[in-house]
Amino acid sequence: MAIIVELDTGWSGSITLDKSQIWLDQPTQSATAKQAELPPMERMSQGAIYWALANGPEASYLDAIYQLGSSREECEHYAEEVQKLAYKLLELISLSLGLPANRLNGFFKDHRSFIRLNHYPACPVPHLALGVGQHKDGVALAILAQDDVGGLEVKRKTDGEWIRVKPTHDAYVINVGDIIQVWSNDRYESVEHRAVVNSEKDRISIPFFFSPAHYTIVEPLEELINDQNPAKYKPYNWGEYFTNRIRSNFQKLDVENIQIYHFKLPDKFG
Ligand SMILES: O=C(O)CCC(=O)C(=O)O
Ligand SMILES: [Fe+2]
């Protein structure tokens, strides 16, 4: 299967993947915890491979990617171009907050962005399987390429209903992540989402996670806070937050994953 990608940076190309090979011996999502209670067939609803764009422990997955049918060049080009798009979006978000376009760029000097290839095999009993369990993306932004099968759902805030996001040919789905929510002091909000599996068709999605340097201390931007609008979050270290999330994704825990609301400060005005 090929996902054709065209970006307004002038680059177009395709990522070619052989779905049958996107598989790790261990599913990697938080959904795994729930799925562990299901019989093996229903449990096998997702496989993923990570592809790190910066040096770090995740980089070891790079070799796996190159064996999937895509050439090294295709993959590297895709990574470069999707990063350009991420910077454009970042700059637009910065401007929309009344800040200089490049206000947030410095956080990404030693960025730790990564791409994940998600494979959701068809499951005859989709209601028993979860592709990716409900979560918010902890990063700054997620840029999702997907095929035309569909499966992504977002939680509507007003009534908690899960709403299907229909795939649009040639379009990405952009998720604002937790970091933008905190930097913007809640002017932007990250969305709760999940991916369900299809009863007949396999699905592939390729999210790019735009992640600042792990040493970044994430806190509301000082330009956006004042006496009337005090900071709504305590500062936290992004690397610690990230590793805590990843660790807990691999195991069934009694406690909830770490979340940004754990850093929420009491609201002085109400
Ligand atoms: O596959 C999808 O549509 C969503 C995947 C996702 O939310 C994730 O990988 O964080
Ligand atoms: Fe996500």
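Counting starts at 1 for both ligands and their atoms, following the listed order.
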key: Ring centres under 6.0 angstrom apart (Phe242, Phe114)   =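 Centroid distance Phe242-Phe114: below 6.0 Å, so yes.
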
ask   = What do you reckon, are the aromatic ring centroids of Tyr233 and Tyr261 less than 6.0 Å apart?
value =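 Ring-ring flag for Tyr233/Tyr261: false, centres at least 6.0 Å apart.
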
Taking 4.0 Å as the limit for heavy-atom contacts, which would you say applies to [X] with ligand 1: side chain only, backbone only, both, or neither?
X      : value
Leu144 : side chain
Arg194 : neither
His193 : side chain
Asn175 : neither

inquiry  = Which residues end up grouped with Val154 if you chain together Ile, Leu, Val, Met, Phe, Trp and Tyr wherever their side-chain heavy atoms are less than 4.5 Å apart?
reply    =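 ILVMFWY cluster around Val154 also holds Leu144, Leu152, Ile163, Val165, Val173, Val191.
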
Taking all non-hydrogen atoms of both residues, which atom of [X] and which atom of [Y] are closest, and how far apart?
X      : Y      : answer
Pro212 : Trp183 : CG-CH2, 4.4 Å
Asn237 : Gly239 : OD1-N, 3.0 Å
Pro100 : Ser94  : O-OG, 2.8 Å

Side chain proximity check, Ile179 to Tyr236, heavy atoms < 4.5 angstrom =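 Yes, at least one pair of side-chain atoms sits under 4.5 Å.
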
Atom indices of ligand 1 within 4.0 angstrom of [X] heavy atoms, with elements:
X      : value
Asp137 : 10 (O)
His135 : 6 (C), 7 (O), 8 (C), 10 (O)
Arg203 : 1 (O), 2 (C), 3 (O)
Ser205 : 1 (O), 2 (C)
Phe209 : 8 (C), 9 (O), 10 (O)

task = Check which protein N, O or S atoms are less than 2.8 Å from the Fe ion (ligand 2) and report how many there are.
result =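 Number of qualifying protein atoms: 3.
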
ask   = What residues form a salt bridge (Lys or Arg N to Asp or Glu O under 4.0 Å) with Arg164, not counting sequence neighbours?
value =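 Partners of Arg164 by the salt bridge (Lys or Arg N to Asp or Glu O under 4.0 Å) criterion, ordered by chain and then number, come out as Glu153.
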
request  = Check salt bridge (Lys or Arg N to Asp or Glu O under 4.0 Å) between Asp148 and all other residues, then give those that pass, not counting sequence neighbours.
outcome  =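 So Asp148 forms no salt bridge (Lys or Arg N to Asp or Glu O under 4.0 Å) with any residue.
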
task = Examine ligand 1 and decide if any of its atoms is less than 4.0 Å from a heavy atom belonging to Pro207.
result =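 Yes, Pro207 has heavy atoms under 4.0 Å from ligand 1.
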
Basic-acidic side-chain contact under 4.0 Å: Glu91, Arg103 =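 Result for this pair is no, no salt bridge flagged.
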
message = Between Glu189 and Gln181, is there a side-chain donor-acceptor contact under 3.5 Å, judged purely by atom types and distance?
response =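 No, no side-chain donor-acceptor contact under 3.5 Å.
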
